[in-house]
Amino acid sequence: MEILSPSRFTAVLVKEFIQMRRDRMTFAMMIAIPIVQLMLFGFAINSDPKHLPTLVEMNDTGPVTRAVVAAMKNSTYFHFAGISSGPKASEEALKTGKATFVVVVPSGFERDIMRGSHPTILLAADASDPAATGGAAAALPGIVAAALRTVATGPLSMLKGGEDAFSVTVHRHYNPAGVTSFNIVPGLLAVILSMTMVMITAIAIVRESERGTMESLIATPVRPAEVMIGKILPYVGIGYVQTVVFLILAEIVFGVPFDGSSIAFLLGLNVFIVVNLALGFLFSTVARSQMQAMQMSFFYMLPSILLSGFMFPFAGMPGWAQTLGTAIPSTHFIRIVRKVMLKGAGVSEIMPDMAALGIIMAVIVTIALLRYRQTLD
Amino acid sequence: MTMPPDVQSSGEPVIAVEGLTKRFGEKTVVDGFDMTVPKGAIYGFLGPNGSGKTTTIRMMCGLLTPDGGTGTCLGYDILTESEQIKERVGYMTQRFSLYEDLTIRENLDFIARMFRVDNRKQRVDAALDDLGLSDRSHQLAGHLSGGWKQRLALAACLIHDPDLLLLDEPTAGVDPKARREFWDEIRRLSDAGVTVLVSTHYMDEAIQCDFITYIAYGKKLIEGPSNEIAERSGLVTWRVEGRGLAKLEAELSGEPGVEQIARFGTALHISGTDAKALNKAVQTHKRSGLTWSQQPAGLEEVFIHLMSSSRDNFASGA
Ligand SMILES: Nc1ncnc2c1ncn2[C@@H]1O[C@H](COP(=O)(O)OP(=O)(O)OP(=O)(O)O)[C@@H](O)[C@H]1O
Ligand SMILES: [Mg+2]
């Protein structure tokens, strides 16, 4: 038995295109949504996240270093995830998102303090998400000062005087100016796409049942895959249009850079669009009316805005929320977009996220096809 | 069962189902339904609203999964081979179910593609010509009047030359002239060897069928060649015309032997299965101003009778 007949597949595809073209209102909405959302969300969303993954590059140890690290730990802003072996590893950790901060203690640090030559501790921050790093970086001088007071006894009593024994420099990577919209805007692409893609497909299929045309459709020998692919494909085009509108606005209005590989971007984009369309298809097998389909899509938007790392830094979320967030396609796409647009990542750097998206896609498509009924009951 | 000779000879039935059952929640909508439709026959499917006609038809072409029963349609198993069945069946839904936001031509084109019709363009053009819609082919289907929608739907379900037509109230809302043309077409198809299962509420259509099945509350009440149904029911009917029929109706109702009184235009039809008792009741009401005549029971009386005497298991069960 054949899975896909070119003739029937074309029939569904052509029909879908014609219907899409005739439905002016929906068509206009699909273009208007990215513009409006971009403008609304483009403003800074502030938060003060804690427990951000931090690596330490220890080039020296001693009482002062230990005190500073302990104080940073106690402040709850930083979560020490381990030791970094050197600048290369630190750079890598920041790029892949394993660490939000790297604390670099220069060699001869303790000695230089004793000599009074004012060494510097470097805090390298992944500032592509300034909402995440801003609070912690700002609190650091205070934390350090407090730490020094506790160790200023015996031979170190000359540290009592204050911070001028050494200094802390915050080095913002990827988004040196700490512009919040740089972070919000790329994430917004995920929100816009998942909102419209999921909703449009869910509605397009439920509409068939609601209007009764499903009966004619499945009275023909059409196969599930023909319906699914034929219905999904036209909306991939819509996804592209939205992305182009988005990229143009992001560049013109917010001046967000696009530093990375466009191939990596396209790869992520395509998989993400298909995942969302498949999810819409899955919703349509549950919803009984267009209204329900719409409500389900909106309900899905909540976690994909709140738990995906779009609004709140992923690393700052409690464990259960991170687990939930990992199952949401937007989480991975947001990482891809941020990596590519802000960190200049290429295909190899986004592979882990692509793998996650791939798994999610396989699961959703399987469930959707299993649930899809070629009958009216 | 005696069959018309042209039907009798043709071996394998096109539809043969047994014990077909469908439940929606608690409600058994089709209950142990059997049906055999010979090749080339026009088979009338009658029954009151909500009796399960549409549900039965949907089960036959694989649009609903039966909860019980077995059967074949065009030689294919209705439970496992619905894809093959759909290839060879033209199903016209009760409610217009083509795309209202597609034009007439686009709809026909869509269906033709779905059935992988050869020479698609010519077939669609021919169908538009037959319909007399060639010059309006770019009009949206949603803008057609109800009757024209029905005609379009029939054209759509014929486009792949099906062997079996399942027509669910195809002439509802169609004007008398178009209704005649509809039936001329159905008979022409039947002569060409296409089997037709058609549900209807019109008696003048029922009488044109080779066979009739009457279903109520999901159960088959009677089945047979259309010209034998009345005879089989054993129903005797008196027709009375004249003045004061309303008064007469009140007097007659409840009398022994009078099982049913129904108004037909300007006349009353009084029916019962016990001819003797009915005659007695009628004799006592013969008076001037009324013309009485005995006549064979018509399909309509038979069906009204069947319906009222069948247990109303929905009303009592609900
Ligand atoms: N999808 C469904 N869910 C629940 N109940 C249903 C469904 N479809 C039909 N029914 C019920 O099944 C019964 C039979 O319906 P069906 O449409 O088969 O009747 P019908 O004989 O075609 O009636 P009509 O002459 O009015 O078209 C009705 O009581 C109806 O309410
Ligand atoms: Mg019906």
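To find a chain, count down the sequence lines: A is the first, B the second, and so on, and within it residues start at 1.
In terms of heavy-atom pairs under 4.5 Å with chain A, the best-connected choice from B/Arg95, B/Gln84, B/Met92 is B/Arg95. Among the candidates B/Thr65, B/Thr93, B/Leu63, the residue making the largest number of heavy-atom pairs closer than 4.5 Å to chain A is B/Leu63.
Heavy-atom neighbours of B/Tyr76 OH from other residues, nucleotides or ligands within 6.0 Å: at or below the threshold of 12. At most 12 heavy atoms of other shown residues, nucleotides or ligands fall within 6.0 angstrom of atom CD1 in A/Ile263. Annotation for A/Phe298: atom CZ does not count as buried by contact number, only 12 or fewer foreign heavy atoms lying within 6.0 Å. Around CD of B/Glu18, the count of heavy atoms belonging to other residues, nucleotides or ligands within 6.0 Å does not exceed 12. Environment of CD in B/Glu26: sparse, with no more than 12 heavy atoms of neighbouring residues, nucleotides or ligands closer than 6.0 Å.
Remark: B/Ser134 engages B/Asp129 in a side chain to side chain donor-acceptor pair (under 3.5 Å) (not counting sequence neighbours). Listed by chain and number, the residues in a side-chain contact (heavy atoms from CB on, under 4.5 Å) with B/Glu106 are A/Ile18, A/Arg22, B/Leu102, B/Thr103 (sequence neighbours excluded).
When every heavy atom of A/Gln19 is checked against every heavy atom of B/Asp101, the shortest pair comes out as NE2-OD1, 3.0 Å.
Of the listed residues (A/Val12, A/Val14, A/Leu13), just one forms a side chain to side chain contact (heavy atoms under 4.5 Å, CB included) with B/Arg113, and that residue is A/Val14.
Contacts between B/Leu140 and chain A at a heavy-atom distance below 4.5 Å involve the side chain alone, from C-beta outward. Using a 4.5 Å cut-off between heavy atoms, B/Tyr91 touches chain A through its side chain atoms alone.
Side-chain contact check for A/Pro221 versus B/Glu83: every heavy-atom pair is 4.5 Å or farther apart.
Rounding to the nearest 0.5 Å gives a distance of 7.0 Å between CZ of B/Arg120 and OG of A/Ser7. With rounding to the nearest 0.5 Å, the separation of NZ in A/Lys15 from OH in B/Tyr99 is 3.5 Å.
Using a 4.5 Å heavy-atom cut-off against chain B, the contacting residues of residues 194-218 of chain A are A/Glu208, A/Glu210, A/Arg211, A/Gly212, A/Thr213, A/Glu215, A/Ser216, A/Leu217, A/Ile218.
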Distance-only donor-acceptor hits, side chain of residues 24-36 of chain A, under 3.5 Å, sequence neighbours excluded:
| from | atom 1 | to | atom 2 | distance (Å) |
| --- | --- | --- | --- | --- |
| A/Thr26 | OG1 | A/Asp23 | OD1 | 3.1 |
| A/Thr26 | OG1 | A/Asp23 | OD2 | 2.7 |

